[in-house]
Amino acid sequence: MEQELAVAEEPASPRRRRPRRRTRTVRSNLQPSLGAEDPAAGASKGERLLTRGCVQHLADNRLKTTKYTLLSFLPKNLFEQFHRLANVYFVFIALLNFVPAVNAFQPGLALAPVLFILAVTAIKDLWEDYSRHRSDHEINHLGCLVFSREEKKYVNRYWKEIRVGDFVHLRCNEIIPADILLLSSSDPDGLCHIETANLDGETNLKQRQVVRGFSELVSEFNPLTFTSVIECEKPNNDLSRFRGCIIHSNGERAGLHKENLLLRGCTIRNTEAVAGIVIYAGHETKALLNNSGPRYKRSQLERQMNCDVLWCVLLLVFMSLFSAVGHGLWVWRYQEKKALFDVPESDGSSLSPATAAVYSFLTMIIVLQVLIPVSLYVSIEIVKLCQVYFINQDIELYDEETDSQLQCRALNITEDLGQIQYIFSDKTGTLTENKMVFRRCTVSGIEYSHDANAQRLARYQEVDSEEEEVISRVGTVSQRGSIGSHQSIWITHRNQSIKTHRRTSSRAEAKRASMLSKHTAFSSPMEKDITPDPKLLEKVSECDRFLAIASHQEHPLAHLSPELSDVFDFFIALTICNTVVVTSPDQPRQKVRVRLELKSPVKTIEDFLRRFTPSRQASGYSNTGNLATNKSSHKSGSSVLSSLSQDSMLLKLEERLGQAASTLAPNGYSSQAGQAEELRYEAESPDEAALVYAARAYSCTLVHRLQNQVSVELPHLGRLTFELLHTLGFDSIRKRMSVVIRHPLTDEINVYTKGADSVVMDLLLPCSSDDTRGRHQKKIRSRTQHYLNLYAVEGLRTLCIAKRVLSKEEYACWLQGHIEAESSVNNREELLFQSAIRLETNLHLLGATGIEDRLQDGVPETIAKLRQAGLQIWVLTGDKQETAINIAYACKLLDHGEEVITLNAESQEACAALLDQCLHYVRSKGSQSSPENTESDVSMGFSFNPASTSPASGPSPSLVIDGRSLAYALEKSLEDKFLFLAKQCRSVLCCRSTPLQKSMVVKLVRSKLKAMTLAIGDGANDVSMIQVADVGVGISGQEGMQAVMASDFAVPRFRYLERLLIVHGHWCYSRLANMVLYFFYKNTMFVGLLFWFQFYCGFSASAMIDQWYLIFFNLLFSSLPQLVTGVLDKDVPANMLLKEPQLYKSGQNMEEYRPRAFWLNMVDAAFQSLVCFFIPYLAYYDSDVDVFTWGTPVTAIALLTFLLHLGIETKTWTWLNWLACGFSTFLFFSVALIYNTSCATCYPPSNPYWTMQTLLGDPLFYLTCLIAPVSALLPRLFFKALLGSLFPTQLQMGRRLAKKFPSKYTTPKETSTQAQPPGDPETAFSGRRTMGPSESLPKDRQLACSPEASGEPSALDTNMPLKDDTLLEGLGTQVPGSSVPREAVSEECPGHSNGKPTSESPAAPLSSLFNLPSFSSLNWISSLSLASGLGSVLQLSRGSLQMDKQDSPPQPDQDLRVLGRYIF
Amino acid sequence: MAMNYNAKDEVDGGPPCAPGGAAKTRRPDNTAFKQQRLPAWQPILTAGTVLPTFFIIGLIFIPIGIGIFVTSNNIREIEIDYTGTEPSSPCNKCLSPNVTSCFCTINFTLEESFEGNVFMYYGLSNFYQNHRRYVKSRDDSQLNGDPSALLNPSKECEPYRRSEDKPIAPCGAIANSMFNDTLELFLVTNESDLTLTPITLKKKGIAWWTDKNVKFRNPPGAGSLEEKFKDTTKPVNWHQPVYKLDTDEDNNGFINEDFIVWMRTAALPTFRKLYRLIERRSDLHPTLPAGQYYLNITYNYPVHSFDGRKRMILSTISWMGGKNPFLGIAYITIGSISFLLGVVLLVINHKYRNSSNTADITI
């Protein structure tokens, strides 16, 4: 009784005038009586009980995810199963059989199949439910500390016993059992860190804060004295929002937000102990509300199949009707003739023909029910489960780095993967790593190019490639002995490098990470160690030194030149304008803080007035140089970092630190050099961390961040502690964030804003062009804008940094509004937004940064493959146009050889006009180039050479559209035009699109083009798109799990999409399509046998096949082989599919299962049933055979025909297939034998006793069983062979090729897995990535240089399409023993020169080859390092390259200029 | 529905990317089965690969067909239609419904003598023994001698279940419509004086052994058959009760073999049923020498009303049963077609091999 629920759902308070049920009120469970101010809760228990009775029940913390209880299982499960129409149909049929006049089988027997199906499903459900129950039980019985009223202390209780209103005490590393309002923390600042990995996969720590009003309590929090009432929203699933307020007993109100809430499933980190009150429990917690279970979608194939099932129903009705009419006529004919075989009704009267026809109709429906495949749905479900299992198990889809494999979250759309036509991809985090690396910056209009940094980045790849060379040598040696000929080597290397790449990098990183910490989110060495630009570094230290001297003057900053002041502010902004949490790796955070008088950010006006008295507080900064602050050593340390391998780097690290310490010691700055403490930065978004690391490289080190202060360490100035007044967080509408601080040096209130250049540039203080200062500012701005554009062209993410100095009055004015906004409960977000906008104006531009978001491994390759596979790829990104275009070029989405249509319209009309123009242009272009170039490769010539997409046949242009134009284009009036245009384009790039637009685009394509769509993304902004698409793929990347939660499939990286679609998708589709077709064939053929018999039994719905065979034939005898084939059949081996992605088109075009195939199949089934019926008919014509002795051979013939038919359809025969076929035959005969022996009188009307035994002694039985299946299948076999020879499909060609070169397409897998040392090199990919843009050169470059490598130029012209083979052949003969880095050879033709770096000859062709208008390739080549050997060659050709570049201006620009008028 | 709320994730607390060490990775097993790399035979259906199959089929089927054809041709068979629809037929007189017990005699000539055991069949045409309601209309328990079923036959037997308030034994339409013509065969040994030698027709051994000994049994109990069936009545169409089907105790009642044979319902509307056996005599004489025969028919069974036909068939048998020219022809035909198709494929293969080979290379 004491733990009684003292919570009520009630109108919060009358004056709020909120509808009932909008809020929930939570009170302590420990208070026997409640505050008098609360009207709803009386003092007496009875009243409370009453309240409780009438309010809505609040969930307790018991987790119950089970669907059934023991009692409810049967009815509930049956009810659910009968939602499936097919089940209802089958039950109806079975029940129909109980009507004596129409029954065909023994009534009980007729129920068997449907009961079997129901039972299988029920058992499956039961098992699932049981495992859920077990996991629930486990969770429910976890323990945690709950405050008990009787014992006046925290006692251990199970999770399930926690109620809303309980007080829970949690210690470090405990999992939070419910949604808890944080009331106290062991942390002196009332903070608490949680890790939300279980919830959203983000591993960085998030900060939570004790509810205001409680953090002030210095004494320990005592639940007994808690009398406040909490008002909050009803349970909802929004993880990022929590609103409410707490009403203290003195009537004071305080707002609550998501920073106060600890979410169930998260883990407490870095905090010793916390306590709180439970707000939502059990199923009302946000974690559980967010869990929406696996999704059920219906695949396209299934939809088509359902349509064909309907055809079958029609066929069934037709057959039954035909039979009914026939029977009516038959009865009418014999009615008057007193036929001996006529059986009158029980009363002696004979049936009228009409009644007989009706009865016959119903009976026929029962007898022919086999036509509607009972087991089809169950079989498909089983097959799909197995497919999902195999996809999950695929080792090639396993990501070593994250130790995750592909997850299939939707179980029943596997075959849709094989039919995708459009891919909609997010950019950031999907195509790119979402690992940000600081690249360059502009401060005060001066660009600092950070060349050394670029070289350093390149060096990371160099290290990798060196390692790789060693391994490839090993690989070569190990393979030379193998018979695997030259072709296999190529594949082997490729595979090896793909596999090993991840491994090496992950190993190196893991080592480092394990030294640093367990949970570091975004910190690979690449991101952390930034080489500063010397010029800028000079300026920073100058500034620093100056300030150190001037710091005691009145206005230290005033004496700095504007530029230096900007530099200083720039780095301060980089360091503090973020929400990065600083932690030290090993011990829980020790707070050595400088105590200020002020505890929290300014919250009230009085507070403000009190704090901002004119008297200057001298404690602004403290020169506490004795702290472990050898961060500056990183500067020197990282510059020392050169070509060290990553492994040895760790060893060197300490050395360097020591070194640095000793060199710095004379300056009197560094002490405690031995304590190599490294600070970790945990940021919510990776670019924040990148900026903080960048600032650290310039010795501006963020050392502390608390709720209300930020400490920055500078080498000369020492530690500056900024008082953090407000943080205005980032949101996607404002696209910026700001911090309000009080500067310790000047005591001014500064606003630092960091945000997208498009918004920040508009918010700058308008500068007059009169005075020099204004002009200077203007100049700076235009320069900065220029550099920003440059950065964007380079594919960097740009951010502008700006500053605003607030006067006290301005601040006070703003603060008032802000506090109001903050304390409001109603539309707090809206008000805060307004408030932020008020603050972020009249900014002073400091500078801009360019951050590189690196492409993920293998993205260009994957995109190229998917392209070849006939998939249209659209990239929908929120990034700005220039950045997006550049990334698109880098990942080969756009080709330099092709035209780009850019659609930037300012208005609806302009957009319409533009669309018309573009359409006109595209049409005129289309008519010039050869029509139907996409179809050409489908026909005879199986061109493995992707020539059809080569520029020769005229490339279709690409379309780039920005968000605003997209909004216009998606209007009803324009969408058709837009779609038509987009359809003509090779790829589409939508920039600056909102999540809603993304989903609208997907929806439009899906509904209007009737195309299969796949959306892939990694962030919350992709969720809507993922949900709308036919197949949603989530990337479990850096941005949490929201996309994964919404997805059907979750992949660790973008490149796995290739294998998922091209291999598994193709297989799943082909398997299921063939299985479904086979199912229809099988049933039709079987029913055909019965139907033909009707002509010889007076259409009386008699069956010659024993009812037992009839009912169990589909279920038992013939089901296993097709399941095995459906699960295991591989029409083309995986390597072949990957090698020749265009094979994927067969799925897109629905080649395997289209209406024509269905009807051909049905015709074949009819033919086969005719043969299988009439051969035994004629063989036994006018003999003394009885019905069932004749029917049994017919059944056996049918079974054998099915098996043989399946044999023709099966493409790969494993021992499992043989076993299944053997088992099927064996099962039929053994069941028949047993059945025919078991009982002499039991199975009327078929008295099958000893039938099978007799038949087995009859030669005629064997003779018919031999001839009927053979003659039934001869035509099929013949036509298959004919088609295979004369008109082979691409798939068949692929299969043949794979068979011809088995070593090439099948063995590499084995060899690579064997020859793979545990941790070998990477860089196939990074090397290739380096080459990124240059790779977009046409393929024939490989050919051009193949002769010199192969030494037999003749190979060139004869074997154009077989280029890989020839290449390798030549290679194999030429350098069998040498240690040529085959990796490079196979990847990139220029790599050949690796083998003979001395020869000058490659340079000439190379330079001409690079003579392409690739406007960014120069940048790539010059700024990124190349694989070591390659570098030297390229150096040679660089001069010419530069020349080329000058006379070939950036391609897109050119295009745009050509296209005209509306561009940029 | 928090269906997939994963307990393990919550309990283990491990983020997916926690450095799990060597012990616990999610790396799938690299086995041939899980990686779908089971060794497999991958046939590709083209003219070249398939044509051996066609030739082999042809080569196997044609000899089998010839063998069957020859065997079937060696079987002697004669079929005499005695329905009597033609006015010239001696049995024409029996068609009129007034005639009750009608006898007719048909004479025929065997051109060749029949060697070995000769089977005597009666054949019916246009008789739908496989009609659904007809097939069902029986009670196997009763026929198996179950005393309770004897007195209370299954409902399936309606309307031939009870008659005159007594249960019918055997009940049902099948039994009721039992063939009840009697056929006798005489050899005219001397043409001039018409000396008739009766041919011994064996009544027993015409039914399946299992039917006679397992499925069909007379009701148990002591006493004569008549006593065992005393509470039952004969089927409506029968002239005699079931216990008077034969004089031989071993061939009477439910285990009368004519009855058993009839109860095995024929598969197709044109069928024959074994009527008698003519066993080979031990001496060197043929079982049925060539010559003239008289077939004496006691004409009871009315088939004319529903356009049925009645036949008497005499046939020798071979290893593959009775005469059946179809199967032999079918084998030869299919074999030849297969062979022909094989040739076609051979031509195609020859003609297109070059192109397909080059296609393979250019691929």
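Per chain, numbering begins at 1; letters A, B, ... match sequence-line order.
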Q: So for A:V1185, is it side chain, backbone, both, or neither that comes closer than 4.5 Å to the heavy atoms of chain B?
A: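 Its backbone and side chain both get close to chain B.
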Q: Given that the side chain runs from C-beta out, which part of A:N392 has a heavy atom under 4.5 Å from chain B: side chain, backbone, both or neither?
A: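 A:N392 touches chain B through backbone heavy atoms alone.
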Q: Counting only heavy atoms closer than 4.5 Å, note whether A:L1283 contacts chain B via side chain, backbone, both or neither.
A: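 Neither part, no heavy atoms under 4.5 Å.
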Q: Any chance the rings of B:Y128 and A:F341 have centres within less than 6.0 Å?
A: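 That pair passes the under 6.0 Å test.
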Q: Would you compute the distance between atom NE2 of B:H131 and atom OG of A:S1100 and round it to the nearest 0.5 angstrom?
A: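 If we round to the nearest 0.5 Å, B:H131:NE2 and A:S1100:OG are 4.5 Å apart.
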Q: For A:Y1177, which atoms come within 4.5 Å of any heavy atom of chain B: side chain, backbone, both, or neither?
A: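 For A:Y1177, backbone and side chain are both near chain B.
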Q: With a 4.5 angstrom heavy-atom cut-off, could you sort out which part of A:Y1096 is near chain B: side chain, backbone, both or neither?
A: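 For A:Y1096, backbone and side chain are both near chain B.
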Q: What part of A:T363 is in contact with chain B, defined as an atom under 4.5 angstrom from a non-hydrogen atom: side chain, backbone, both or neither?
A: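 Side chain only.
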Q: Contact part of B:R133 toward chain A, heavy-atom cut-off under 4.5 Å: side chain, backbone, both or neither?
A: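 For B:R133, backbone and side chain are both near chain A.
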Q: What part of B:R311 lies closer than 4.5 angstrom to a heavy atom of chain A: side chain, backbone, both or neither?
A: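 For B:R311, the contact with chain A is made by the side chain alone.
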Q: Output the distance between atom CD (B:Q42) and atom NZ (A:K1130), rounded to the nearest 0.5 Å.
A: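 One gets 7.0 Å once the value is rounded to the nearest 0.5 Å.
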Q: Determine whether the side chains of B:Y121 and A:D1182 contain a donor N or O and an acceptor N or O closer than 3.5 Å.
A: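 There is no such pair (donor and acceptor under 3.5 Å, judged by atom type) between the side chains of B:Y121 and A:D1182.
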Q: Side chain, backbone, both or neither: which part of B:N126 has an atom under 4.5 Å from a heavy atom of chain A?
A: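 Both backbone and side chain.
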Q: For B:F306, which atoms come within 4.5 Å of any heavy atom of chain A: side chain, backbone, both, or neither?
A: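 Both backbone and side chain of B:F306 come within 4.5 Å of chain A.
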Q: Taking side chain as everything from C-beta outward and backbone as N, CA, C, O, which of these in A:A101 sits under 4.5 Å from a heavy atom of chain B? Side chain, backbone, both or neither.
A: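 Backbone only.
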Q: With only heavy atoms counted, which part of B:W209 is less than 4.5 Å from chain A, the side chain, the backbone, both or neither?
A: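 Nothing of B:W209, per the 4.5 Å heavy-atom cut-off to chain A.
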Q: Side chain from CB out, backbone as N, CA, C, O: work out which of these in A:K1211 comes under 4.5 Å of a heavy atom of chain B, or both, or neither.
A: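 Answer is backbone: N, CA, C or O of A:K1211 sit under 4.5 Å from chain B.
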Q: Any sub-3.5 Å donor-acceptor pair from B:K34's side-chain atoms to A:D394's backbone N or O?
A: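 Not a single qualifying donor-acceptor pair exists.
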